[in-house]
There are 4 protein chains.
Amino acid sequence: MARPAASERPGHPRRTGGRIRSQDAHDDVLRAAVEILEEVGYGGVTIEGVAARSGVAKSTIYRWWTSKAALVMDAYGKIVAGRMPRPDTGTVADDLTDFVAELYRVADYPLRGKALRGLMAEAQLDPAFEESFRSWVQSRRDVVAGLLIRGIDRGELDADLDLDHAVDLVFGPFWYRLLVGHVALDAAQARGHVDRLLQGLRHPPEQ
Amino acid sequence: MARPAASERPGHPRRTGGRIRSQDAHDDVLRAAVEILEEVGYGGVTIEGVAARSGVAKSTIYRWWTSKAALVMDAYGKIVAGRMPRPDTGTVADDLTDFVAELYRVADYPLRGKALRGLMAEAQLDPAFEESFRSWVQSRRDVVAGLLIRGIDRGELDADLDLDHAVDLVFGPFWYRLLVGHVALDAAQARGHVDRLLQGLRHPPEQ
Amino acid sequence: MARPAASERPGHPRRTGGRIRSQDAHDDVLRAAVEILEEVGYGGVTIEGVAARSGVAKSTIYRWWTSKAALVMDAYGKIVAGRMPRPDTGTVADDLTDFVAELYRVADYPLRGKALRGLMAEAQLDPAFEESFRSWVQSRRDVVAGLLIRGIDRGELDADLDLDHAVDLVFGPFWYRLLVGHVALDAAQARGHVDRLLQGLRHPPEQ
Amino acid sequence: MARPAASERPGHPRRTGGRIRSQDAHDDVLRAAVEILEEVGYGGVTIEGVAARSGVAKSTIYRWWTSKAALVMDAYGKIVAGRMPRPDTGTVADDLTDFVAELYRVADYPLRGKALRGLMAEAQLDPAFEESFRSWVQSRRDVVAGLLIRGIDRGELDADLDLDHAVDLVFGPFWYRLLVGHVALDAAQARGHVDRLLQGLRHPPEQ
DNA sequence: AATTAATCGAGACGGTACGTCTGGTCTTAGA
DNA sequence: TCTAAGACCAGACGTACCGTCTCGATTAATT
């Protein structure tokens with residue numbers, strides 16, 4: 001009765017029995033991963049450490065995540081999912097302001113910034129992780145692209161706006177400062193960033 | 001009396017003997033490091049590997065470099081120093097064009113891009129390396145700042161230009177694309193980048 | 001039924017899971033250790049070398065033996081256990097003859113003598129090893145003490161024989177010649193040794 | 001041509017030019033070696049340590065002594081030379097009593113025993129050292145042989161006494177107990193040792 | 001109820017690279 | 001030519017994690 005089908009998707013071999021996956025173990029792993037991540041940064045996360053803290057066997061972790069990177073991405077993605085704003089205020093200016101403000105808020109949570117930087121780093125070092133990281137990045141780009149499109153639809157922005165480039169202008173400077181650290185990130189920078197952004201979007205290069 | 005002094009600098013411990021440092025060993029290490037770096041990327045560089053390829057003892061490497069990161073940064077910095085253009089054509093537009101064109105040229109040498117990405121990654125993971133990486137980044141920022149200042153002196157650019165931000169506009173988008181890879185880097189993008197850049201520099205936000 | 005227990009022996013910690021220890025790996029390590037020991041002597045034994053020859057990972061060796069000394073003692077003790085005679089011919093004279101003859105037989109196997117000397121040496125240099133070496137020595141002394149006691153029981157030897165000293169007379173001269181090497185060891189010396197020994201045991205000091 | 005000198009004799013370093021060998025350095029090295037030897041045992045002696053304590057360069061030490069073993073043997077031999085008794089009381093019994101008593105006196109100086117054991121150990125492990133150790137051992141055996149011969153000459157001992165074996169009886173049990181440690185060495189044991197010894201020498205095996 | 005099958009924990013396994021250490025050699029400057 | 005200093009090669013040390021692999025014990029779904 002009431003088989004909720006767990007995580008059953010078509011194409012998967014139809015289960016005929018067997019112990020079902022432990023949700024507790026799953027959650028414990030993610031929780032431990034995030035804890036360690038925010039404590040000692042990405043470099044400090046080890047599968048052994050996660051296993052030890054969560055009380056879940058290493059083999060169980062490897063059964064469900066292909067790599068440390070996949071695990072951290074999963075953990076971080078789920079935990080911070082709620083943090084990604086999807087503003088829809090009615091004007092592009094306010095939408096961008098909300099979004100970018102949230103972006104710069106990592107400055108107030110150093111460990112969150114550390115985690116982000118670690119994920120970006122791992123994406124450079126581990127080709128297997130690159131893809132899943134990129135898809136996470138893309139999901140955030142899509143949110144921004146969406147609000148820009150709404151702006152175009154409302155006539156606030158030019159119809160021939162180069163979306164990809166515009167989105168680059170949202171994330172590029174943020175990431176650059178976050179990673180290089182030549183200037184400390186500061187939530188107050190968000191305002192300047194948005195201003196320049198809107199300025200650029202409204203006065204596109206003539207050529 | 002009879003101060004021998006020789007090549008003595010204040011603050012340095014007075015040398016009284018001892019085998020002098022082997023330049024060969026030093027060079028061999030750097031060469032091996034760059035070779036491995038460009039072959040298998042930063043993640044593939046190991047002190048053991050560098051020692052093996054260079055024929056220099058591990059302990060000797062550790063004597064002169066505190067970490068893999070310091071070694072690679074040193075090696076990469078020295079070897080590629082010659083690659084960094086310091087254009088001085090007479091106009092900001094041409095200077096920037098030259099500089100940015102060289103920047104995007106890494107797209108033609110995938111291993112060079114891989115190396116760059118690896119260094120950026122390590123800077124995120126290893127606090128000890130962060131600093132030396134940042135100083136290398138800064139040295140490149142300084143070149144760009146220099147050509148911008150010459151532009152201001154010649155009246156090509158506004159005197160109240162925010163230099164830091166302007167330099168961000170040179171490197172930010174480049175790094176973002178290099179790291180995230182949502183769009184493959186392409187030397188042809190250099191032109192568009194410079195155009196937008198000049199556009200932005202000449203039409204700064206009003207406010 | 002119901003009792004799982006399986007192969008459970010009192011005193012042993014109840015197994016709660018985990019891959020069972022590989023007997024092959026264990027044996028391979030001991031075998032390799034003895035081989036190397038008898039080839040190049042104790043000084044030439046290294047954990048790295050044992051790992052390489054046995055095909056067992058270094059970490060596995062360290063998991064089971066705390067030091068090179070513990071490993072070698074274990075290996076040598078087990079492997080040569082079969083070589084230690086426990087004669088019980090019915091007379092002390094014959095028992096001693098058998099035992100001592102086997103003792104001097106190392107003279108025919110130079111590598112075995114080398115190994116023995118190396119173990120004695122290490123016992124001097126490494127306090128951690130001293131104890132396990134001594135317990136091995138003691139196990140051999142016990143065999144000799146046993147045959148002497150049987151001799152006493154049969155009335156062949158005096159009841160107030162100083163056992164410790166008597167056993168010293170069996171091993172002392174042997175070890176001294178083995179270690180100092182002022183006279184080459186020779187299996188033929190066993191006879192003279194036993195004769196003097198019996199002579200001494202039957203004509204104890206009057207005092 | 002015709003460099004005789006090599007291991008020159010004190011006083012006349014027949015110099016042909018160049019800086020004269022420093023007697024201070026030489027002495028300092030020996031002194032430091034013995035100090036360390038008696039502090040932490042043979043195993044704790046390192047050329048580096050001796051160099052550090054004596055203030056003499058490592059290379060200088062290596063110039064004059066081929067190995068740690070040679071150094072320690074030299075140092076120990078010279079320093080303890082004065083300790084080796086050469087009794088000549090007029091009777092074998094007293095001569096032996098004196099000699100053996102001194103032998104067991106190491107029991108009162110644990111570090112001296114430790115040093116002795118270390119030297120014996122090294123002789124097992126380092127073939128290069130074996131020879132010089134053996135010659136030191138022989139010099140002590142010669143002293144004992146000498147007093148036994150005087151005993152024979154005086155008619156106290158049988159003329160056909162097996163000298164080598166008799167000397168073994170002096171040193172063998174001592175070394176065995178010193179090395180194996182199954183019974184702690186004790187100066188009081190000297191008396192029993194000598195008694196048994198004399199007993200054995202006077203009642204040799206009939207055969 | 002019995003069977004079947006996938007899960008779980010525990011932890012041993014072969015590996016790689018780490019950064020440290022000691023030993024013995026070599027090369028310089030200065031006496 | 002010697003001493004002192006110290007850089008050099010060589011290679012073993014013991015540690016940390018890696019990702020894989022048995023194990024025995026659980027837990028459902030299917031017979």
Side-chain angles (χ1 to χ4, degrees), chain A residues 1 3 6 13-22 24-26 45-49 51-52 55-64 66-68, chain B residues 4 6-7 13-22 24-26 45-49 51-52 55-64 66-68, chain C residues 4 6-7 14-22 24-26 45-52 54-64 66-68, chain D residues 13 15-22 24-26 46-49 51 54-64 66-68:
Chain A
M1 33 57 171
R3 260 302 300 335
R14 198 98 154 60
R15 291 187 21 87
T16 63
R19 179 174 180 169
I20 67 165
R21 179 171 178 183
S22 159
D24 279 359
H26 189 255
V45 178
T46 63
I47 298 283
E48 303 242 322
V56 169
K58 231 176 17 153
S59 53
T60 300
I61 298 180
Y62 278 109
R63 199 190 324 275
W64 301 114
T66 56
S67 67
K68 155 183 160 179
Chain B
S7 64
R14 191 109 145 50
R15 243 186 70 73
T16 62
R19 179 173 181 170
I20 64 167
R21 181 170 178 181
S22 158
D24 279 359
H26 188 254
V45 179
T46 64
I47 299 283
E48 303 244 323
V56 169
K58 229 172 25 147
S59 54
T60 299
I61 299 181
Y62 278 109
R63 197 191 325 275
W64 300 114
T66 56
S67 66
K68 156 184 160 179
Chain C
S7 63
R14 188 101 152 56
R15 242 185 68 72
T16 61
R19 179 172 178 171
I20 64 166
R21 182 169 176 185
S22 158
D24 280 358
H26 189 256
V45 178
T46 64
I47 299 283
E48 302 245 324
V50 173
S54 65
V56 168
K58 222 169 36 145
S59 53
T60 299
I61 298 180
Y62 278 110
R63 201 190 325 275
W64 299 114
T66 56
S67 67
K68 157 182 159 179
Chain D
R15 46 166 315 181
T16 61
R19 181 167 175 174
I20 196 168
R21 178 170 176 187
S22 159
D24 279 358
H26 189 255
T46 63
I47 298 284
E48 306 241 320
S54 64
V56 170
K58 231 176 21 156
S59 54
T60 301
I61 299 180
Y62 278 111
R63 195 187 331 271
W64 300 112
T66 56
S67 67
K68 155 183 162 179

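First the proteins, then the strands, lettered A, B, ... as listed; each starts at 1.
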Quick one: is D/Trp64 getting a side-chain N or O under 4.0 Å of the F/dC2 phosphate, OP1 or OP2? no
Take the protein atom CZ of B/Arg19 and the nucleotide atom P of F/dT3, then report the distance between them rounded to whole Å. 20 Å
Specify the closest pair of heavy atoms between C/Val45 and C/Lys68, including all atoms of both residues, with the distance to one decimal. O-NZ, 3.0 Å
How many Å lie between CD1 on B/Ile20 and C1' on E/dG30, as a whole number? 15 Å
Is the shortest side-chain heavy-atom distance between D/Lys58 and D/Ile61 below 4.5 Å? no
OH of A/Tyr62 versus P of F/dC17: gap in Å, rounded? 12 Å
What's the closest nucleotide to the C/Thr60 side chain, out of F/dT22, E/dG14, F/dT3? E/dG14
Output yes when at least one side-chain N/O atom of B/Arg21 is less than 4.0 Å from OP1 or OP2 of F/dG6, else no. no
Can you check whether any acceptor in the base of F/dA16 is under 3.5 Å from a donor in the side chain of C/Ser59, or vice versa? no
Given F/dC18, E/dC13, E/dG15, identify the nucleotide with an atom nearest to the side chain of A/Thr46. F/dC18
Sugar-phosphate only, base, or nothing, as touched by C/Gly49 at under 4.0 Å among non-hydrogen atoms: nothing
Roughly, in whole Å, what's the span from CD1 in C/Ile47 to P in E/dG15? 17 Å
Can you name the closest pair of heavy atoms from B/Ala51 and B/Ala57 and give their distance? CB-C, 4.5 Å
Taking only the side-chain nitrogens and oxygens of A/Arg63, find out if one of them lies under 4.0 Å from OP1 or OP2 of E/dC8. yes
Quick one: does C/Lys58 reach the base of E/dG14 with a side-chain donor-acceptor pair under 3.5 Å? no
